[in-house]
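Just so it is clear: chains get the letters A, B, ... in the order the sequence lines come, proteins before strands, and each one is counted from 1. Owing to the predicted nature of the structure, the values given are computational and were not obtained by experimental measurement.
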2 protein chains.
Amino acid sequence: MAEEAARRVPLSRDRVLRRAVGLADEAGIEAVSMRRLAQELGVVPMALYKHVAGKDELLDGMVDVVIGEFAPPDPGQDWQAALRQRLLSARAVVVRHRWARQAIESRRKRSLAVLGYMDAVAGTFLGGGFSADLTHHVMHALGNRIWGFSPELFDETGDPGAAPPPPEARAAMARELGERFPSILAIATATAGDDLSGVGGGCDEQFEYEFALDVLLDGFERLRRDGWSSRDRDQQGDR
Amino acid sequence: MAEEAARRVPLSRDRVLRRAVGLADEAGIEAVSMRRLAQELGVVPMALYKHVAGKDELLDGMVDVVIGEFAPPDPGQDWQAALRQRLLSARAVVVRHRWARQAIESRRKRSLAVLGYMDAVAGTFLGGGFSADLTHHVMHALGNRIWGFSPELFDETGDPGAAPPPPEARAAMARELGERFPSILAIATATAGDDLSGVGGGCDEQFEYEFALDVLLDGFERLRRDGWSSRDRDQQGDR
DNA sequence: GACAGTAGGTGTACGCTGTACACCTGTCAA
DNA sequence: TTGACAGGTGTACAGCGTACACCTACTGTC
């Protein structure tokens, strides 16, 4: 019978993590509570604690699952192409798991999987002729873009189920906004193609990600070529 | 008597927000609960709801208080100097309010104060000769650095009260780490001055912030000079 | 001066969270 | 056969945000 069949698939850390990831994919990260997750697995909440130490460790594990989906770049490319490929692969993964951004940002401790990934990224720079010193700083400069996402600058994650306001209402809102915030209006209309009714339409996140990435990678390459060293920092002045 | 004196200072949205900010400064953002905050104000939790709509609106207000402390740049500078000064001022503020990073990142809706600040930043670019189009993208590229902080790439926020492990233990940990993660070890030792015992010491966040900022600002200036436009994007190839 | 309206503080209650602790049960080794 | 133990259960607790009903003190109007 079904009950026995369910019994025959015992819980395991792996099964717990997989279901947690699936639940987050389906219902959002805020739906992932110990109780809800246990219910999904047909089990009492405390049963989970035999497989993960607690909620925090659960989230760590979920992040590790995500990182496990990152694909390494093809060999034989220069550092810039390799890094670009690696990060765009990471990006594809976090787009698939939209909750991952928040989960990654909330983690304080770096798991072995996280360290392994960072080691690979660092290795790409080092292998490309970057000094260890410069590698350190450029990785800081990449920041969360290492994980395949940019910070959300504008509010693009409004309730996806909500009906968008009609175009004329949008145009009115935009006009009102423009009186207070002319510069924001200027860039919003430029993005929307000079059409006031398209202002709230959100940005092309993929383009923004690649744009910023390329500005950074080009800047890094320039520093590498110039033999930049942090020991020069005093001679740089404060611009 | 004291009770009457307390009565004579009635609650107000301003007083609630100020105390919330103070509490977050002293005890961390996670200590700011409606119950705890009410207690600090000598009042019952539900009393707060007469002044802020809920926890979310409270956090919005706290972020607005922080933004209110950002200083505008001195006039008469070129765009790059003005922006640098503005962002470093923002940075000084969020260093003062260490919880602000998390609070800002958690907000979904942009308040008027937030929009006003973003408008000022955008205005600096526009005034510096950037097209509205390019301004949009460079602001995305700055991302959270607009708010004066970089993402935390390495784990620098370990329990500040915890005693650091002794140097020889650190060196042992570093050696073990190095076998698994040689590239990380390389950059860590470069940072710590080739001294294994200094590896876990954390980074100079201020330097990392300015480093990344300058890479970005220099890249932006180059794009501006070249007359970059997003319409060129197809001709750029995919590198 | 009487009275209604209201702004603002109170008390209770509900449903949700993570998880400590004691308990039971089925499986496997000796 | 027995005893250990891995793993699932049940109860309980402290904390959270907040809905709702209530009370109280002040304020403007007649």
Side-chain angles (χ1 to χ4, degrees), chain A residues 1-21 23-24 26-63 99 102-103 105-109 159, chain B residues 1-21 23-24 26-63 99 102-103 105-109 159:
Chain A
M1 54 189 82
E3 197 183 332
E4 275 193 33
R7 279 223 165 267
R8 216 163 295 148
V9 188
L11 238 46
S12 69
R13 183 180 159 86
D14 199 67
R15 223 163 78 79
V16 169
L17 292 184
R18 276 183 201 290
R19 191 69 215 102
V21 167
L23 181 55
E26 295 155 17
I29 190 73
E30 75 284 352
V32 180
S33 70
M34 299 302 272
R35 285 172 153 89
R36 171 83 185 268
L37 178 56
Q39 192 185 337
E40 296 270 331
L41 290 162
V43 115
V44 96
M46 289 311 295
L48 302 176
Y49 287 79
K50 292 279 151 70
H51 302 278
V52 291
K55 178 85 186 265
D56 243 50
E57 222 239 345
L58 176 72
L59 286 169
D60 284 345
M62 291 173 69
V63 168
W99 48 272
Q102 189 184 329
E105 278 179 334
S106 74
R107 299 298 79 204
R108 294 269 76 109
K109 282 289 163 203
D159 182 358
Chain B
M1 55 188 82
E3 198 184 334
E4 276 192 32
R7 279 225 164 268
R8 217 164 293 148
V9 188
L11 238 47
S12 69
R13 183 181 160 85
D14 199 67
R15 221 162 79 77
V16 169
L17 292 183
R18 276 183 201 293
R19 191 69 214 101
V21 167
L23 181 55
E26 296 156 15
I29 189 72
E30 74 285 353
V32 179
S33 70
M34 299 301 272
R35 286 171 150 92
R36 169 84 184 267
L37 178 56
Q39 192 186 337
E40 296 270 330
L41 290 161
V43 114
V44 97
M46 289 310 293
L48 302 177
Y49 287 79
K50 291 279 151 68
H51 302 278
V52 290
K55 178 86 185 263
D56 243 49
E57 222 239 345
L58 176 72
L59 286 169
D60 284 345
M62 291 172 69
V63 168
W99 48 272
Q102 188 183 331
E105 278 179 334
S106 73
R107 299 298 79 204
R108 293 269 76 108
K109 281 291 163 202
D159 182 358

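- For A:K50, the listed nucleotide lying nearest its side chain is D:dT9; candidates were D:dT9, C:dG8, C:dG18.
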N/O to N/O distances under 3.5 Å, protein versus nucleotides 14-17 of chain C:
| unit_1 | atom_1 | unit_2 | atom_2 | d |
| --- | --- | --- | --- | --- |
| C:dT17 | OP1 | A:S33 | OG | 3.0 |

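- Between atom CG of residue A:L37 and atom CE of residue A:M62 there is a gap of 8.0 Å, rounded to the nearest 0.5 Å.
- A:Q102 is linked by a side chain to side chain contact (heavy atoms under 4.5 Å, CB included) to A:I29, counting only residues two or more places apart in sequence or in another chain.
- Residues of residues 37-47 of chain B having a heavy atom closer than 4.0 Å to DNA chain C, listed by number: B:V43, B:V44, B:M46, B:A47.
- For the pair B:Y49 OH and D:dA19 P, the interatomic distance rounds to 7 Å; values are reported in whole Å.
- Here the CD-CG distance, from B:Q39 to B:L23, works out to 10.0 Å after rounding to the nearest 0.5 Å.
- When the side chain to side chain contact (heavy atoms under 4.5 Å, CB included) test is applied to A:S12, the partners found at least two apart in sequence or on another chain are A:D14, A:R15.
- Side-chain nitrogen and oxygen atoms of B:H51 include at least one within less than 4.0 Å of the OP1 or OP2 phosphate oxygen of C:dG9.
- Across all non-hydrogen atoms, the minimal contact from B:L11 to B:L48 is CD2-CD2, 4.3 Å.
- Residue pairs meeting the salt bridge (charged side-chain N to carboxylate O under 4.0 Å, His left out) criterion with at least one member in residues 27-51 of chain A, sequence neighbours excluded: A:R19-A:E40, A:R36-A:E40.
- Residues meeting the side chain to side chain contact (heavy atoms under 4.5 Å, CB included) test with B:D56, sequence neighbours left out: B:R107.
- Shortest non-hydrogen contact noted between B:R13 and B:V52 is NH1-CG1, 3.7 Å.
- Note: CG (B:L11) to P (D:dT24) measures 20 Å, nearest angstrom.
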